[in-house]
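In what follows, a single structure is set out as structure tokens and then discussed.
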Amino acid sequence: MVNGIIKKLGEDLVNNVLVRFPVKSIIRLKCISKRWYTLIQSTTFIHLHLNYQTTIQHEFILFKYSINEPNEFISILSFLSGDDDDGFNSLFPDINVTSMSSNFNATFYPLLGPCHGLIVLTDLTTIIIFNPATRNFKLIQPSPFGCPQGFHRSVEGIGFGFDSISKYYKIVRICEVFWNSWDGYPGPKETKMDVYDFSMDCWREVEHVNLPFIYWVPWAEMLYNKVVHWFATIELSMIILCFDMCTEIFRNINIPDVCNNLTHKQYYVLVILRGCLTLIFYPNPISPISINDKVHVWVMEEYGVSRSWILENTIRVVLVESPLDVLKNSILLFQSKNGHLISYDINSNEEKEHILHGSPGSLSVIVYQGSLTSIPPGSQNSSKAHNF
């Protein structure tokens, strides 16, 4: 009967109806018939569904937090709905990811993405790519590149995105290799880049990369417009370092002049606000000298054009540890110094402290749209996708 309905209505009309369903419902509909299964599994339908879900702004939240007790460290992933105005509702049971977390990397290496609904979780050695909507995940083989004895290889920046030319995903790591001297002071540094290309299912190393020094701040990596962004320094100036996932070419974007200082009294975070690359300039939570508690929101109206930065908002949020992400195009999500999730609506100036919390400095948030995007299969010898 179902097959007869599809034939009668036409596949285009059925597609137009099904793309409006959330991922959880569509997964159930796959069981109706072989024809529906084939339709829903098709690349065409997955792209249609992703595009539709993006336009309606039906958002979910992946919330990572840690609990650091004297004799126990626990790191948890929570899957939440972001559509309830009164709070966040749990979608699935929490997942314990303590095995690939520590008190150090819970802060230094948060979640990466989203890209087409896919997210990467890494502790620099172990890398997992997963789709929180379909609950599929895959373990990525570790990078084989090391360094000679007596040297140290440090991962300074990491990013995840999609190459729209090759139609495959990539993971990129910017590394510094230096002599680990006896007096504790590193010798001359050499920059290298590791790229995991899903089309080849392997890592490759790019040597002799002439790049500025990555300037580490919490939650700094940002994927926007098929480009990964980090903060970096050139002499005494702060810039945004950009890596195009398609061309694999680096370029720089200048930040607003009034934000360009290296006094360590203030920090930077990149988010996407109303479809634009946005710089949030906020007080350094560990600075011994507190300037004020004002948070400045700078929006780049024309991507890549430094002179198009405009000061969109100046807000005051109490006890900010760091900005995290943007929900519903107007709600800024922060973590407080005491480890609570805070939301600030820039339209109404309403600030809320939520019950979600963890150890101070351990929170990570990714706002994403549910998608049917499959985990890239890789080669015959690579690890297979599993459900969690």
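One is the number of the first residue; the rest follow in order along the sequence.
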Pairwise distance CG(Leu332) to CG(Leu327) - rounded to 0.5 angstrom
10.0 Å

Any salt bridge between Arg173 and Glu221, counting N to O under 4.0 Å?
no

Quick one: do Glu176 and Lys192 make a salt bridge, cutoff under 4.0 Å?
no

Check whether Trp309 reaches the backbone of Thr278 with its side chain - one donor and one acceptor, N or O, closer than 3.5 Å.
no

Over 12 foreign heavy atoms within 6.0 Å of OH, Tyr303:
yes

From Met222 atom CE to Cys242 atom SG, the distance as rounded to the nearest 0.5 Å
12.0 Å

Main chain of Lys64, side chain of Ser364: is a donor-acceptor contact present, judged purely on distance under 3.5 Å?
no

Can a donor-acceptor pair be found between the side chains of Asn349 and Tyr344 at a distance below 3.5 Å?
yes

Flag if over 12 foreign heavy atoms under 6.0 Å of NZ, Lys30
yes

Inter-residue atom distance Cys246.SG - Asp163.CG, 0.5 Å rounding
4.5 Å

Do any N or O atoms from the side chain of His49 and from the backbone of His47 form a donor-acceptor pair under 3.5 angstrom?
no

Would Ser371 and His116 satisfy side-chain hydrogen bond (donor to acceptor under 3.5 Å, both in side chains), going step by step from the backbone distance to the final call?
CA-CA 7 Å; Ser371 83; His116 302 165; over 6 Å; no

Considering the options Leu62, Asp325, Val365, which one meets the side chain to side chain contact (heavy atoms under 4.5 Å, CB included) requirement together with Leu111?
Leu62

Which atoms form the tightest heavy-atom contact between Arg20 and Tyr52, and what is the distance?
NH1-OH, 3.3 Å

Apply ring pair (Phe, Tyr, Trp, His ring centres under 6.0 Å) to Phe281 and Tyr268, showing your working.
CA-CA 5 Å; Phe281 190 49; Tyr268 313 82; 5.3 Å; yes

Stepwise salt bridge (charged side-chain N to carboxylate O under 4.0 Å, His left out) test for Arg204 and Glu248
CA-CA 13 Å; Arg204 52 186 167 86; Glu248 297 194 357; 2.4 Å; yes

Between OG of Ser306 and CD1 of Ile240, what distance do you get to the nearest 0.5 Å?
8.0 Å

Please check if the number of heavy atoms outside Asp257 that lie under 6.0 Å from its CG is greater than 12.
no

Do Ser336 and Asn338 get their side chains close enough for a donor-acceptor pair, meaning under 3.5 Å?
yes

Rounded to the nearest 0.5 Å, the CG atom of Leu333 sits from the CD1 atom of Ile61 at a distance of 5.5 Å

Is Cys259 close to Trp298 at the side-chain level, that is, under 4.5 Å between some pair of heavy atoms?
yes

How close do Phe162 and Met245 get, heavy atom to heavy atom, and via which atoms?
O-CB, 3.6 Å

Under 3.5 Å, is there a donor-acceptor pair linking the side chains of Asp201 and Tyr196?
yes

Check for me, please, whether Val17 and Ile26 land in the same ILVMFWY cluster - side-chain distances under 4.5 Å, paths through other members count.
yes

Aromatic rings Phe137 and Phe388: how do their planes relate, parallel, tilted or perpendicular, breaks at 30° and 60°?
tilted

What is the ring orientation for His354 with Phe88, classed by angle as parallel under 30°, tilted 30 to 60°, or perpendicular over 60°?
tilted

Strictly by modelled atom types, are Glu156 and Ser154 linked by a side-chain donor-acceptor pair under 3.5 Å?
yes

What heavy-atom pair brings Phe160 and Gly113 nearest, and what distance separates the two atoms?
CD2-CA, 4.4 Å

Ignoring hydrogens and geometry, is there a side-chain-to-backbone donor-acceptor pair from Asn131 to Thr373 under 3.5 Å?
yes

For the CZ atom of Phe60 and the OG atom of Ser81, what is their distance to the nearest 0.5 Å?
6.0 Å

Might you work through the salt bridge (charged side-chain N to carboxylate O under 4.0 Å, His left out) test for Glu312 and Arg274, ending with a clear yes or no?
CA-CA 11 Å; Glu312 181 79 11; Arg274 295 167 184 159; 3.2 Å; yes

Tell me whether Phe213 at atom CZ has more than 12 heavy atoms from other residues, nucleotides or ligands lying less than 6.0 Å away.
no

Parallel under 30°, tilted from 30 to 60°, perpendicular over 60°: which one fits the rings of Phe243 and Trp230?
tilted

Basic-acidic side-chain contact under 4.0 Å: Asp194, Arg153:
yes

For His229 and Tyr224, take the angle between the two ring planes, folded into 0 to 90°, and tell me which bin it lands in: parallel under 30, tilted 30 to 60, perpendicular over 60.
tilted

